[in-house]
Each structure stands twice: as structure tokens, then as C-alpha cells.
There are 2 protein chains.
Amino acid sequence: MDKKGFSQHISQQYNEELEQIINRVMTMGGLVEQQLETALVALVEGDSESGERVVTSDYRVNAMEVELDEACTHVLARRQPAASDLRLVLAVIKTITDLERIGDEAERVGRMALHLLEEDRRRSPMGEIQSLGEQIKKMLHGALDAFARMDAEQAVKVAQEDIKADAQYDAIVRHLVKYLEDHPKSVPPVLDIMWAARSLERIGDRSRNICEYVVYFVRGKDVRHTSFEQMAAEATGDRR
Amino acid sequence: MDKKGFSQHISQQYNEELEQIINRVMTMGGLVEQQLETALVALVEGDSESGERVVTSDYRVNAMEVELDEACTHVLARRQPAASDLRLVLAVIKTITDLERIGDEAERVGRMALHLLEEDRRRSPMGEIQSLGEQIKKMLHGALDAFARMDAEQAVKVAQEDIKADAQYDAIVRHLVKYLEDHPKSVPPVLDIMWAARSLERIGDRSRNICEYVVYFVRGKDVRHTSFEQMAAEATGDRR
């Protein structure tokens with residue numbers, strides 16, 4: 001592993017432990033990305049097999065979170081990390097919480113997809129939902145990529161993509177509200193679609209959280225609850 | 001401090017640091033409870049001043065989270081805690097994340113309340129929403145109490161209250177769906193009420209998370225993603 005930015009240790013084994021943890025986060029991230037992809041196929045294409053698969057696979061994401069949490073606790077207890085190593089372990093602990101919740105949201109999307117009939121799907125703004133889904137997939141992938149390379153500047157770029165995701169989500173809600181006003185008999189399926197869109201928007205928020213942990217690791221600065229401008233200034237080291 | 005269950009240290013200062021952290025979590029918890037209470041007054045009674053207050057006070061909860069996270073990192077770096085002390089610090093790190101998100105949900109409830117007109121409120125199942133709100137307040141208070149006393153058995157009891165909260169939430173959604181079908185012109189306010197109820201339900205989920213961290217601290221066992229029965233067995237030490 002190179003360019004990860006955590007200190008190189010005299011103990012080869014310690015290095016390997018930290019490397020393994022990062023690798024396992026990436027494996028968990030890959031599984032969560034796959035869950036999101038499958039949930040979107042279920043929602044947009046109405047593929048019920050995909051819906052079932054998302055719903056029945058969430059336990060794997062949960063198990064990975066628990067295992068990784070244990071591995072981090074183990075490193076904290078035995079290696080007593082300091083400075084960037086400590087920040088790395090803390091960033092991992094927070095990241096896996098968000099990944100697990102992203103898995104939950106993907107499961108919700110899959111569950112909503114299973115409720116929908118083909119005619120519900122035809123009458124929905126599925127093109128817009130697919131665009132939102134693509135944007136969210138891009139954000140999650142970008143956040144995991146920034147995490148893998150511990151690249152603070154990329155993390156800021158990905159976090160800023162949330163503005164676009166929020167705008168897409170708002171437009172979908174507006175369309176669905178209008179549709180509900182005109183088609184009061186379609187309330188349950190339209191609400192299912194609304195909940196699914198909401199879950200996608202939340203996955204964007206959580207991808208943004210992961211980006212914030214990357215900046216925290218690289219710069220040692222907590223950028224939660226700050227503006228995009230402040231986050232960008234911290235990420236480039238340009239602190240005003 | 002007594003009965004907290006973390007080891008007594010030779011260093012008086014170390015004990016004080018851990019105590020201070022717990023006390024600050026309780027202060028943060030108190031503020032979040034107050035935010036929830038204020039949000040409910042805004043929603044149920046239509047008090048717009050309360051709504052404004054929740055929305056403009058969330059930054060205080062956020063600031064507390066960042067400060068407490070820093071204090072925990074400081075203890076991890078300088079004191080290199082092990083065993084129950086380490087579990088305590090990790091339980092705090094996770095608890096404050098949930099408390100911060102509870103603050104966000106309370107803010108959302110306040111924001112939805114500000115959108116509603118008096119007539120929207122009159123036509124809503126406000127009695128049921130108030131009952132759900134009371135249940136959620138009870139859960140949050142119980143979770144914080146279990147945390148303050150590090151009482152695993154109480155934590156399990158509080159977590160089990162989530163079953164009731166979920167049932168109350170489901171009933172509210174069913175009523176609102178029926179109402180929407182009959183009153184298509186009321187879509188936006190009814191959706192606002194639905195989002196607010198959803199936020200309350202989520203606060204219940206997060207209170208349950210806090211209970212799980214209490215069991216983790218006391219028993220050293222991760223009970224996330226397990227059944228209530230397994231959680232209860234772990235909390236009482238009755239492991240089958």
C-alpha cells in the first residue's frame with residue numbers, strides 16, 4: 001500500500017493490520033455499491049428478482065460492519081495508535097456506520113420496488129428517478145474512491161455533487177405531488193416511489209459524510225457542519 | 001461518580017476526564033430532548049415561535065458533537081484506554097453521532113410544523129401524532145437514562161418500546177394515506193405531516209441505537225442487528 005498517508009511502522013504486522021482494515025472497508029463498500037445497483041434495477045426496471053436479492057443480502061453488510069468495528073477496537077486496544085493512525089481508525093469506524101446505513105436505504109429501495117406494479121412504474125417519472133440513481137451511484141463510488149486514495153480534494157468535489165442530487169430529488173417530489181393531486185387513487189404506489197427517492201437522496205447525504213471523514217483523516221480537521229467553501233479551503237490547506 | 005462501571009484509575013485526572021465526557025454527553029442529550037419537546041409543541045400546537053426556535057438552535061447540538069468527538073480523540077491519543085474504558089469512549093463516539101442526527105430530525109419536525117396552517121393541523125390525526133411524540137420522548141429519555149446509569153437491562157426495555165412506536169407510526173401513515181385519497185387537494189400539508197411522523201419514528205430508531213451501545217459497553221457484546229430476545233439475553237448475561 002502506498003500513498004495512504006498513514007505513518008509507516010517499525011512493526012510490519014501493524015502496517016498489515018491497518019492495510020487489511022482499509023481493504024475490508026473497500027470490500028464492504030463494493031458490496032454496498034452492488035446493493036445500490038441491484039436496488040435501482042429493481043426499482044427502475046421492475047425486476048423483482050433483484051428486489052428480493054437486495055432485501056435478503058443486507059445481513060452481509062451488517063455482518064461486515066460488526067466485524068470491522070471489532071477489528072478497529074482491537075487495533076485501538078493493542079496498538080494504541082496516535083496521530084494519523086488514530087484518525088484513520090476513527091475515520092473507518094464512522095465510515096462503516098454510514099456504509100451500513102446506506103445498505104439499509106438500498107434495502108428500503110428494494111422493498112419499495114417489490115410493492116410496485118408495472119403500471120405504477122409506467123406512470124412514474126422513472127427517467128428522473130433513474131437520473132437521480134445514477135447521480136447517487138456516482139457519489140457513492142466517488143466517496144469510496146476518495147477514501148481508498150485518501151484524497152481530500154476529490155472528497156470535496158464528491159461532496160459538492162450533493163447539491164445536484166438534492167435538486168434532482170426536489171424535482172421528483174414536486175412531480176409526484178402534482179401527480180398525487182391529479183390521481184388520488186394512486187396514493188400508495190406514489191408514496192412508495194417517494195420513499196424510494198428519499199432513500200436515494202439519503203444515500204447521497206451519507207456518501208457526503210464519508211467525504212467529510214476523508215478530509216478529517218487527511219487534514220486532521222472536522223469539516224462536518226461547515227459550508228462547502230470551508231470544506232474546500234480545509235481540503236486544499238488554504239485556511240482563511 | 002459511582003456505579004458507572006468504568007475502571008477506577010490511579011490518575012485522578014483521567015477519572016475526571018472520563019466523568020466530564022459522560023457529563024457532557026448528558027448535557028448534549030438534555031439539549032436534544034429539549035429540541036424534540038419544542039419541535040412537538042410546534043407541530044401539535046402550531047406554535048410557530050417554537051418551530052423557529054428548533055430550526056435556529058440545531059447548530060448548538062452540532063457544535064457539541066464536534067467538541068465531544070475531539071475530547072474522545074484526545075482521551076484515545078493520550079490515555080490509550082483499554083477494556084471497559086475503551087468501550088466507554090467508543091460508545092460515546094457512537095452515541096453522540098446518533099444524538100446529533102436526532103437533533104437533525106427534530107429540526108425537520110420543526111421545519112414541517114412551520115409549513116402547516118391551522119386548518120391543516122385541525123384535519124390531521126394530531127392526537128395520534130401527539131401519542132407517537134410522547135412515546136418517542138419516553139424512548140429518548142429512557143435511552144439517555146440507561147446511558148447515564150450504564151444500565152443494560154433498562155436499555156433493553158427501552159429498545160423494546162420501539163415495537164410500539166413503529167405500530168403507532170404505521171397507523172398514522174395508514175390514516176394519512178386514506179385522507180389523501182379522499183382529499184387530493186391537501187397533498188402538500190399531508191406530506192409534511194407524514195415526513196414529520198417519519199422523523200419521529202427515526203428518533204425512536206436512534207434512541208434504540210443508543211440502548212445498543214449501552215449493552216455493548218456493559219457486556220462487551222455488539223447487539224446491533226440481533227433480535228430483541230438476543231439483546232435481552234446479552235443484557236442479563238443469560239447467553240444461550
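Numbered from 1 within each chain, the chains take letters A, B, ... in sequence-line order. Because only heavy atoms are used, hydrogens play no part in the values below, and waters and symmetry mates are left out as well, while side chains stay in. Here the structure is a predicted model, which means the values were calculated and not measured.
Interface remark: A:Leu180 contributes backbone and side-chain atoms alike to the contact with chain B (heavy atom separation under 4.5 Å). Residue A:Tyr216 touches chain B through its side chain alone, counting heavy-atom pairs closer than 4.5 Å. Within the 4.5 angstrom heavy-atom criterion, only side-chain atoms of A:Leu90, from C-beta onward, approach chain B. Of the two parts of A:Lys94, only the side chain, counted from C-beta on, holds a non-hydrogen atom closer than 4.5 Å to a non-hydrogen atom of chain B. For A:Asp104, no part lies under 4.5 angstrom from a heavy atom of chain B. For A:Asp98, the part sitting under 4.5 Å from any heavy atom of chain B is the side chain, from C-beta outward, and nothing else. Both the backbone and the side chain of A:Asn62 have a heavy atom closer than 4.5 Å to some heavy atom of chain B. At a 4.5 Å heavy-atom cutoff, A:Ser186 makes no contact with chain B through either its backbone or its side chain.
When the candidates B:Arg101, B:Arg87, B:His183 are compared by the number of heavy-atom contacts under 4.5 Å with chain A, B:Arg101 comes out ahead. By number of non-hydrogen pairs under 4.5 angstrom with chain B, the leading residue of A:Arg79, A:Met194, A:Arg202 is A:Arg202. Ranking B:Glu181, B:Lys178, B:Glu100 against chain A, the residue ahead of the rest is B:Glu181, based on heavy-atom pairs under 4.5 Å. Between chain A and the residues B:Thr73, B:Ile93, B:Asp58, the most heavy-atom pairs under 4.5 angstrom are made by B:Thr73.
Using a cutoff of 4.0 Å between basic side-chain nitrogens and carboxylate oxygens, A:Asp69 and B:Arg224 are scored as salt-bridged. Salt bridge A:Glu17/A:Arg78: present, at least one basic N to carboxylate O contact under 4.0 Å. Using a cutoff of 4.0 Å between basic side-chain nitrogens and carboxylate oxygens, B:Glu105 and B:Arg108 are scored as salt-bridged.
Formation of a donor-acceptor pair under 3.5 Å by the B:Asp120 side chain with backbone atoms of B:Leu117 is found in this model. Of the possible polar contacts, none joining the B:His74 side chain to the B:Glu70 backbone as a donor-acceptor pair under 3.5 Å is found.
Counting only heavy atoms from C-beta outward, the side chains of B:Arg174 and B:Asp170 approach each other to under 4.5 Å.
Donor-acceptor pairing under 3.5 Å is lacking for the side chains of B:Thr38 and B:Gln35.
At most 12 heavy atoms of other shown residues, nucleotides or ligands fall within 6.0 angstrom of atom OH in B:Tyr59.
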